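For reference, the structure is listed below as structure tokens.
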Amino acid sequence: MSFPLLTATAVLPAVGAIATAAVPAARRTAAKWLALLVSLATLALAITVLVRFDPDGARYQLTESHAWIADFGVRYELGVDGIGVALLALTALLIPFIILAGWHDADPLETGSRRWRPTQGFFALILAVEAMVIISFEATDVFLFYIFFEAMLIPMYFLIGGFGDRAHAGTDENAAAQRSYAAVKFLLYNLVGGLIMLAAVIGLYVVAGNFSLQEIAEARANGTLDMATNTERWLFLGFFFAFAVKAPLWPLHTWLPNAMGEATAPVAVLITAVVDKVGTFAMLRFCLQLFPEASNWATPAILVLALISIVYGALLAVGQRDIKRLVAYASISHFGFIIMGIFAMTSQGQSGATLYMVNHGISTAALMLVAGFLISRRGSRLIADYGGVQKVAPVLAGTFLIGGLATLSLPGLAPFVSEFLVLVGTFARYPVIGIIATFGIVLAALYTLVLYQRTMTGPVKPEVSAMPDLRPRELVVVAPLVVLLIFLGVYPKPVTDIVNPAVKSTMSDVHKKDPKPEVEAAK
């Protein structure tokens with residue numbers, strides 16, 4: 001038997017989480033280093049998966065299959081396609097930066113504080129989330145996917161509710177109440193989505209007789225499994241609803257600004273750059289592959305919702321006074337672009353959407369982590385409390401600017417290529433939707449540049465006059481992300497070469513071909 005590489009990528013952070021939690025209370029620093037080393041070892045395994053994956057090979061590779069709950073047709077089945085392997089690599093890449101950025105976020109508060117922050121638990125929960133997200137990207141058994149899709153809510157709940165932003169930590173009971181509210185809202189929204197999905201998972205088993213994604217898809221393709229139209233549509237809606245909550249898609253998005261605003265900056269990155277990607281990934285892997293007719297049927301409505309997310313999220317970002325909530329609403333707008341690209345049903349749109357998942361993860365991590373460093377220095381999330389930071393901390397301001405420019409999809413930075421492909425793919429089949437969506441770009445420029453102007457330029461406010469620049473640990477976090485933004489902005493081919501064959505297979509699943517240009521190119 002070959003080495004179970006995919007299992008190892010998920011088991012290693014899970015075991016690391018247990019080991020980190022078991023470190024004695026007095027050895028906080030040892031727990032931090034252990035968590036960091038485990039995350040780096042997981043990254044090494046993810047790189048091995050990436051190297052061994054052959055974009056021109058079988059659709060699902062490095063597969064593992066073992067009997068699990070035989071009486072109910074549940075198997076432990078893993079496999080990665082190009083989309084899954086790209087997001088697995090993104091997750092493994094970001095976790096070490098998240099751990100480094102949050103190095104002191106869970107240290108004990110000052111003597112006499114009512115709240116004790118268990119450092120070991122903080123880093124153990126991050127590793128637990130990593131393990132669950134990775135196996136979600138690998139699972140090809142629907143029931144196995146569902147278990148970890150739901151299970152990741154538990155550690156996320158404690159990370160949001162138990163480890164608040166330092167700008168609020170230890171101030172008053174109202175701050176703790178806000179964190180609790182954000183955590184409960186996150187949990188309830190996602191639990192409702194998960195329960196509806198559970199009903200759809202059971203319905204799928206009743207119709208198909210098993211939970212294997214590949215077997216069901218093959219049966220649908222060769223005609224041995226023929227779902228009634230209404231049955232397929234109801235099952236699709238059950239799956240899509242859960243994924244739309246996780247993504248998040250308007251009007252199911254309202255939990256995200258609360259969660260990101262009250263969480264620490266590294267946990268906010270974990271939410272939007274890692275956990276939320278499971279929702280958009282699952283739309284590609286499960287909705288389109290299992291329910292092709294229903295996906296085509298629902299496309300017009302989903303495109304309208306995605307368009308509302310783009311414009312609505314950007315408009316609310318323009319009006320925000322809180323830095324972290326601004327980034328949260330910007331992410332809602334960006335997820336609208338991703339979902340629009342998925343359901344444009346063109347190869348350019350879906351390739352752009354997948355690339356957008358990767359690039360959004362990197363750009364949001366860069367912007368939010370630098371914002372976290374800024375907030376920790378000033379002790380405030382309010383934009384109005386800053387001014388003139390670039391004169392006292394030029395490196396911090398410069399990296400903040402690059403993260404912001406990536407967020408507005410400036411040409412030469414990674415998100416531009418993704419957004420361009422999504423818009424091209426959407427315009428080819430739905431030109432009106434594509435044209436209206438471009439207003440999201442204009443609004444992105446507005447909220448990003450206004451944010452930079454109000455925080456970094458102008459007279460130096462007395463409260464920031466002694467603000468230190470980025471420290472070596474913080475530079476280690478930010479510099480690689482900036483390099484990746486520039487590299488993938490000018491040379492996205494390494495990612496597109498991996499995801500394009502998977503996108504081609506997905507287009508075949510939904511029986512779609514790219515529309516031909518109305519005007520043929522001159523010979």
Side-chain angles (χ1 to χ4, degrees), residues 156 160 182 185-186 188-190 193 240-263 265 267-283 301-343 352-353 356-368 371 381 383 403-404 406-409 415 418-419 422-423 426 433 436-448 450-451:
M156 285 306 309
I160 296 168
K185 190 173 184 179
F186 162 82
L188 288 179
Y189 267 67
N190 284 274
F240 180 79
F241 183 86
F243 303 152
V245 172
K246 184 86 78 179
L249 178 68
W250 183 92
L252 306 170
H253 67 284
T254 59
W255 63 267
L256 183 65
N258 296 100
M260 289 184 65
E262 297 305 322
V267 172
V269 172
L270 189 64
I271 295 169
T272 191
V274 177
V275 172
D276 287 354
K277 297 300 188 301
V278 177
T280 47
F281 162 79
M283 291 178 188
I302 294 172
L303 287 176
V304 171
L305 294 178
L307 185 60
I308 294 173
S309 286
I310 292 169
V311 178
Y312 174 84
L315 282 172
L316 264 65
V318 171
Q320 289 304 305
R321 296 179 296 173
D322 183 310
I323 296 173
K324 292 169 72 177
R325 289 178 70 90
L326 185 151
V327 178
Y329 279 110
S331 290
I332 291 168
S333 182
H334 295 148
F335 275 105
F337 277 108
I338 293 170
I339 295 170
M340 186 176 74
I342 292 171
F343 285 91
Y356 212 140
M357 292 185 223
V358 175
N359 292 337
H360 172 264
I362 298 170
S363 63
T364 299
L367 180 61
M368 180 58 86
R381 298 177 349 209
I383 296 172
T407 297
L408 65 83
S409 299
S418 324
E419 204 162 276
V422 166
L423 288 170
T426 303
I433 296 288
I436 298 174
T438 57
F439 285 101
I441 302 175
V442 178
L443 293 171
L446 179 61
Y447 62 68
T448 300
V450 168
L451 172 65

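Note that this is a predicted model, so its numbers are computed, not measured.
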Whether Tyr329 and Tyr312 hold their rings parallel, tilted or perpendicular, with breakpoints at 30° and 60°: perpendicular

Would you sort out whether Val450 and Val318 count as a side-chain contact (heavy atoms from CB on, under 4.5 Å), showing the intermediate values? CA-CA 8 Å; Val450 168; Val318 171; over 6 Å; no

Least distance between heavy atoms, Leu249 atom then Ser309 atom: CD1-OG, 3.4 Å

What's the verdict on side-chain contact (heavy atoms from CB on, under 4.5 Å) for Phe337 and Leu423, showing C-alpha distance, side-chain angles and the deciding distance? CA-CA 8 Å; Phe337 277 108; Leu423 288 170; 3.9 Å; yes

Any idea which heavy atoms bring Phe243 and Gly279 closest together, and the distance? CB-O, 3.5 Å

So do Asn258 and Arg325 actually touch side chain to side chain, heavy atoms under 4.5 Å? yes

Heavy-atom pair of closest approach, residues Gln320 and Ile383: O-CD1, 3.5 Å

Between the side chain of His334 and the main-chain N/O of Thr407, is any donor-acceptor distance below 3.5 Å? yes

Can you tell me how far CD1 of Ile271 sits from NZ of Lys246, rounded to the nearest 0.5 angstrom? 11.0 Å

Measure from the side-chain N and O atoms of Ser363 to the backbone N and O of His360, and report whether any donor-acceptor pair falls under 3.5 Å. yes

Heavy-atom side-chain proximity of Asn359 to Ser409 below 4.5 angstrom: no

Less than 6.0 angstrom separating the ring centers of Phe335 and His253, yes or no? no

Sub-4.5 Å side-chain heavy-atom contact between Val422 and Ile338: no

Say whether Tyr189 and Thr254, considering side chains only, have a donor N or O and an acceptor N or O under 3.5 Å apart. yes

Please round to the nearest 0.5 Å and tell me the distance separating atom CG of Leu307 and atom OG1 of Thr426. 9.5 Å

Approximate separation, where rounding is to 0.5 Å, of Leu408 CG and Tyr447 OH: 8.0 Å

Measuring from Ile332:CD1 to Leu256:CG, what's the distance to the nearest 0.5 Å? 5.0 Å

Chi angles and distances behind the side-chain contact (heavy atoms from CB on, under 4.5 Å) call for Leu252, Phe241: CA-CA 9 Å; Leu252 306 170; Phe241 183 86; 3.8 Å; yes

Nearest 0.5 Å, please: how far is NZ in Lys324 from CE in Met368? 6.0 Å

Drop me the distance from Thr364's OG1 to Met260's CE, to the nearest 0.5 angstrom. 7.0 Å

Within the structure provided, determine whether Tyr356 and Thr280 are in side-chain contact (heavy-atom separation under 4.5 Å). no

